[in-house]
Every structure is written in structure tokens, then in C-alpha cells.
Amino acid sequence: MALPGGRHLDSITLPGQRLHLMQVDSVQRWMEDLKLMTECECMCVLQAKPISLEEDAQGDLILAGGPGPGDPLQLLLKRGWVISTELRRIGQKLAQDRWARVHSMSVRLTCHARSMVSEYSAVSRNSSKEMGQIEKLLMEKCSELSAVTERCLQVENEHVLKSMKACVSETLSMLGQHFGQLLELALTREVQTESCSVTELECSGRISAYCNLCLLGSSNFPVSASQALVRKIDASDNIYTTESTTGNLFSLTQEGAPLCRIIAKEGGVVALFKICRQDTFRCLYPQALRTLASICCVEEGVHQLEKVDGVLCLADILTDDSHSEATRAEAAAVVAQVTSPHLPVTQHLSSFMESMEEIVTALIKLCQEASSGEVFLLASAALANITFFDTMACEMLLQLNAIRVLLEACSDKQRVDTPYTRDQIVTILANMSVLEQCASDIIQENGVQLIMGMLSEKPRSGTPAEVAACERVQQKAAVTLARLSRDPDVAREAVRLSCMSRLIELCRSPSERNSSDAVLVACLAALRRLAGVCPEGLQDSDFQQLVQPRLVDSFLLCSNMEESFV
């Protein structure tokens, strides 16, 4: 379900959520990168033979402006950022068939990789046999990439070049994998070394910063340094240390699915539920639950939640009125995440079925008592996902007078004030509308008029996320209307409220639906359903173009219409 902000319940990313790559002046950063690039250009001229440097000068060259010439972590991150950038650029040039650029950049990539390996070996005490093997594989693939791209420059036959392009692409992919493995192994070793030599809070902060820098430099590989944070959460009994470390762990979860998978595999879900089961850490429940919701955007997180009876813990929190509203809202966010229809694994949450009635009841109560739009959004999103999860949930909601609660909330601007929230409400109504008893409740609560209003949903800001949310509201409103119009009373009420006129407008005017094909199909289906009950509400031209032909023909007609068509 779509939610605003940085939650994993949605693909929307909050502006400013990511950290800057380097907290330095942009000109200073450019000068640092220029030194690296200059070194590589010189090496390319000398056929990839490194220039011998004084030991001190070499350190200054790589780590200028950093914490010191002997810091292997900064060395790894800076070189890793350059190499990952080169890998991405080579991929782009390869897609454009710019073979001369691909070859020159491959040679430059080899220079960077050789420099990273030699420099890291010179300053690090953590070399191992495993790392040496990966270094060897990496350099072999670099040499192979340079050789094969050089041969491509001499080939003129397009068919031969096409087959060689596949070979180059495969080599580049393998090179990226070896690079990711090497960097992950080296970073993990360095961070583990650091965690033994600095204080707990200091280590947590530095791990977070290093991982953020690394992931911003390249999204091609995960970083398993998060295991240090997980261990510290699990072992700490100090509330301030636990709060700081949990905050750092949450920051890592915002860097994408790869880190979330690592955190889940390293025991992050277990450690966070341990916090949520201790009364001494009660003030940390919202932060821990927020982090859990982020981790559970991946299947590994949901699997771990199932193993530690996490659903039961969430049910206990939601049904316990002694917990703050913020705590229960964050628990609702976790429920929304683990029941997301985008995660196939959620369909196998056997423990959820056992607690579903308690959870649904608690979520309806939270919607009814919500003091803010965000709390209502999280609770309604959880309910919306649960209606996809199991059809029994719709029957429970009907018995709990959920339609009345949701429709009353729509008139409260403090709780329902964004298209994201209306998206959750209309999703619940659409899924409940498959039940025959739902129609009478909708009419009784003036729900048809509300659905009519949702057909006119417009974005305020014009951002892509809000525009997409408005499209979903329009589409689901039309779907709900089509389903409910099986009941003649609902159909007649819809015609009385001029729903047919609005549906025709949405079909004929692409700007009204933001040129959305999904909205068009839903509106055509709803219009045909209403026309079957009340055909007198249509003009002849509308009937002949929008109702009488096959659905696909009407769709093609409307999707190709000009704006000026009336």
C-alpha cells in the first residue's frame, strides 16, 4: 500500500533521507577525486604500469582530506566509490556500443583495482587467504575485460560483435561480483577491528557512516558490517546505548533491501523483538518497531519475525491500551509491512491467522481513536493489506462496523487529509464490496457519495508520488462502484448522484485521469455495470462508443482521444 515518507510500505523515498557521500566542500571533494583520476590517466599512458611513489606521497594521494594516511577504511571507501562508478559507466557505454570508450575505461578500471589492492595490502593487517583469492579473481577478470574489449575494437562484423558484447557483459557482471565480495569482506574485517578499539557509541556511529558512504558509492553489493550493531543491541542493557545503536540500525535499513537482508540474517529481528519484550525498554518500543517495519520489507525479515513469534508480540502491543498511541501506530506499521501483498511470503504466515481477529479489532479501534493523520494512515494501511491477506478479514470488518468508522473518518480532516490515506480507505471498501451485505451498509452511511468524490481526486502538489496515489484512488473508487452496482439500489443511487456523467468524463478526457489506462479500464467497467441497470442515464453517442462495443474497442477509442474531443 502506498504511504508517504521513508517507510518500506511504499516505493516513495523521502527527499533528504540519504546521507551525503562526503561531508566536505564540493570543490575539495572534486580535488580529491581529480588526484585519483590523474593517477589513472598517467597509468593508462604507461600501459597500465603504476607510477612508483614515495610511501608518504602515496598515502597523501589517496587519503588527502581524510582522517589520516593509515586509515584503511577510508582508503577502501574512496577507491571503492571510484571503482563502482567506473563499473556503472562501462555498463552505460557498453549499452551504447561505444567500444573505444569501453576499452579505455576498462584499462582505467584495471588501474583502480590494482591500486586498491596494493594500497590496502600496504596499510591493513587484516589480509587473509580468502581475501587473497578474491583479489586474484578480481584482477584476472579485469585483465580479461581489457583484453576482450581490445579485440572488439578490431571487429567490424556486427553479428560477431553482438556475440562478443554478450561475453563482455558477462565478464563485467562477474567482475562486479568479485569486487563486491572483496569490498564486503574487507569492510567487515575493518569494522570488526574498529569495534574492538573504540567505545560502543563511537563504533555504532562510525559503522553507520561507513555503510552509508559505501552504499551511496555503489548499490551493487551489500555490507555486512551491520552485524556489529546487532550484537551490541543484543548484548546491551543500557537504555541510552540501546537507543543510539537502534537509531543507527534504522539508518542502515533506509539504505535499501540489501542491507535489510543482511540485518535480518545477522539476527536484527530477534534483537529488536527482545527490546519489545522488556518493560525496561518500553520508551524504545516505537523506535524498535519502526526499525522492524523497515527490515520486514524483505522476505528474510518476515521469516525471522515468524520464527520468534513476532506476530503474537505485535498483537499484544496493539491490544494493550497501556501502550502509547505512537507505540501502537508503529506496531500497526509492522503489521502493514508483513501483510504486504507485494511479499509472497506473507501468505504463509500461519501465526497471523491465529491472532487476526485481535489485530483487526485493535486496528479498527486505533483508526477510530487516531489523533493524527499519520496514525490513521498506518492503521488503515494495515487493515487494507489484511483484506488482501485473507477474505475472512472482510467479514470481520463488516461485523465490527468498519464501514461506518472509515466513512466517518473521511469527514475528519485531521485524520484523512491526503490521497495516500484515501487510497487505504478505498482499498478496504473495494475488497469488502465483494460481500453482498456490504451494499446496504454503504447506502446507509452515504458511502456512494463518498465514492463519487473519490472519482474526482486531484493532486495538490503535483509530485509523481501524489499523482500516482490519486490515480489509485480513482481506479479503486471505480472498481468499488462496479462491484457494488450489482445491487440495484446502489446503482440507482449512483445514477442519482451523477456518477455516470463523471465516469464518462474520466473515459473521454485523458487529463481527468492523468492519461492512466488503469483508471480508464476501471471506469469503463463501472459505466457498463451502471448502464446495465439504468440505461436511460446515457446518451446515444455514449452508449454506442463506451458501452455497446467490446471493452477493448472502447478502451482503444478512449485511449487515443485528443484533449479537445467532447
Side-chain angles (χ1 to χ4, degrees), residues 1 3 5 7-9 246 269-270 272-279 281-297 301-302 304-341 343 346 349-390 392-402 404-406 409 415 421 424-425 427-428 431:
M1 293 284 87
L3 294 180
R7 298 179 180 279
H8 282 281
L9 304 174
T246 304
V269 175
V270 178
L272 290 167
F273 269 114
K274 182 179 177 182
I275 293 175
C276 294
R277 288 186 168 108
Q278 297 183 57
D279 287 339
F281 290 144
R282 191 170 262 241
C283 63
L284 301 183
Y285 283 10
Q287 187 180 52
L289 289 166
R290 192 177 306 119
T291 308
L292 278 167
S294 297
I295 298 173
C296 288
C297 73
V302 179
Q304 292 299 316
L305 180 142
E306 176 83 347
K307 288 181 180 178
V308 298
D309 291 330
V311 173
L312 184 60
C313 180
L314 294 172
D316 290 341
I317 292 173
L318 283 168
T319 55
D320 188 350
D321 291 336
S322 66
H323 286 297
S324 66
E325 183 184 68
T327 299
R328 287 180 286 139
E330 295 298 344
V334 182
V335 172
Q337 189 62 73
V338 301
T339 54
S340 170
L343 290 175
T346 59
L349 274 176
S350 57
S351 60
F352 188 85
M353 298 299 297
E354 300 171 4
S355 305
M356 186 167 67
E357 186 173 0
E358 293 178 355
I359 291 174
V360 169
T361 304
L363 289 172
I364 283 291
K365 184 179 180 181
L366 188 58
C367 285
Q368 198 167 14
E369 300 175 352
S371 62
S372 68
E374 183 179 5
V375 173
F376 185 91
L377 175 62
L378 294 173
S380 59
L383 285 172
N385 284 352
I386 291 173
T387 60
F388 285 109
F389 185 80
D390 192 271
M392 286 177 54
C394 295
E395 297 176 0
M396 291 180 187
L397 288 171
L398 202 61
Q399 295 172 2
L400 293 167
N401 295 320
R404 179 178 57 79
V405 173
L406 295 173
R415 288 185 289 170
T421 309
Q424 313 310 320
I425 293 174
T427 299
I428 298 170
N431 287 338

With sequence neighbours excluded, residues passing salt bridge (charged side-chain N to carboxylate O under 4.0 Å, His left out) with Arg404: Glu408
Is atom CD of Glu325 surrounded by more than 12 heavy atoms (other residues, nucleotides or ligands) closer than 6.0 Å? yes
Looking at Cys367, is its backbone amide N or carbonyl O close enough to the side chain of Arg415 to form a donor-acceptor pair, meaning the two atoms are under 3.5 Å apart? yes
Nearest heavy-atom pair of Ala331 and Ile317: which atoms, and what distance? CB-CG2, 4.0 Å
Atom pair CG (Leu272) and CD (Gln304), whose distance is rounded to the nearest 0.5 Å: 11.5 Å
Side-chain heavy atoms of Ile359 within contact of Leu314, under 4.5 Å: no
Does Tyr285 reach the main-chain N or O of Thr327 with its side chain, forming a donor-acceptor pair under 3.5 Å? no
Distance check, rounded to the nearest 0.5 Å: Glu374 atom CD versus Leu378 atom CG? 5.5 Å
Point-to-point distance, once rounded to the nearest 0.5 Å, from OG1 of Thr421 to CZ of Phe376: 7.0 Å
Decide yes or no on side-chain contact (heavy atoms from CB on, under 4.5 Å) for Thr339 and Phe352, but give the supporting numbers first. CA-CA 9 Å; Thr339 54; Phe352 188 85; 3.8 Å; yes
Might you point out which heavy atoms bring Leu366 and Ala379 nearest each other, and give the distance in Å? CD2-CB, 3.8 Å
Min side-chain heavy-atom separation Val269-Val302 under 4.5 Å: no
Nearest 0.5 Å, please: how far is CZ in Arg290 from CD in Glu330? 4.0 Å
Where do Ile428 and Ser380 come nearest, in terms of heavy atoms and distance? CD1-O, 3.7 Å
Taking the side chain as everything from C-beta on, heavy atoms only, tell me whether Ile386 gets closer than 4.5 Å to Leu363. yes
OG on Ser322 to CZ on Arg282, rounded to 0.5 Å: 4.0 Å
Kindly give the heavy-atom pair with the smallest separation between Val335 and Ala382, and that separation in Å. CG1-CB, 4.1 Å
Euclidean distance, Ile364 CD1 relative to Leu397 CG, rounded to 0.5 Å: 5.0 Å
Chi angles and distances behind the side-chain contact (heavy atoms from CB on, under 4.5 Å) call for Glu357, Met392: CA-CA 9 Å; Glu357 186 173 0; Met392 286 177 54; over 6 Å; no
How close do Arg277 and Cys313 get, heavy atom to heavy atom, and via which atoms? NH2-CB, 3.7 Å
Could you tell me if the side chain of Ile295 sits less than 4.5 Å from the side chain of Leu305, heavy atoms only? no
Between Ser340 and Gln337, is there a donor-acceptor pair closer than 3.5 Å when you use the side chain of the first and the backbone of the second? no
Nearest atoms (heavy-atom pairs only) where Asn431 meets Ala384: ND2-O, 4.1 Å
Between Phe273 and Asp309, does the side-chain contact (heavy atoms from CB on, under 4.5 Å) criterion hold? Intermediate values first, please. CA-CA 9 Å; Phe273 269 114; Asp309 291 330; over 6 Å; no
Would Leu284 and Thr246 count as a side-chain contact (heavy atoms from CB on, under 4.5 Å) if you check the C-alpha gap in whole Å, the side-chain angles of each, and the deciding distance to 0.1 Å? CA-CA 9 Å; Leu284 301 183; Thr246 304; 5.5 Å; no
List the residues meeting salt bridge (charged side-chain N to carboxylate O under 4.0 Å, His left out) with Asp321, not counting sequence neighbours, and say none if there are none. Lys365
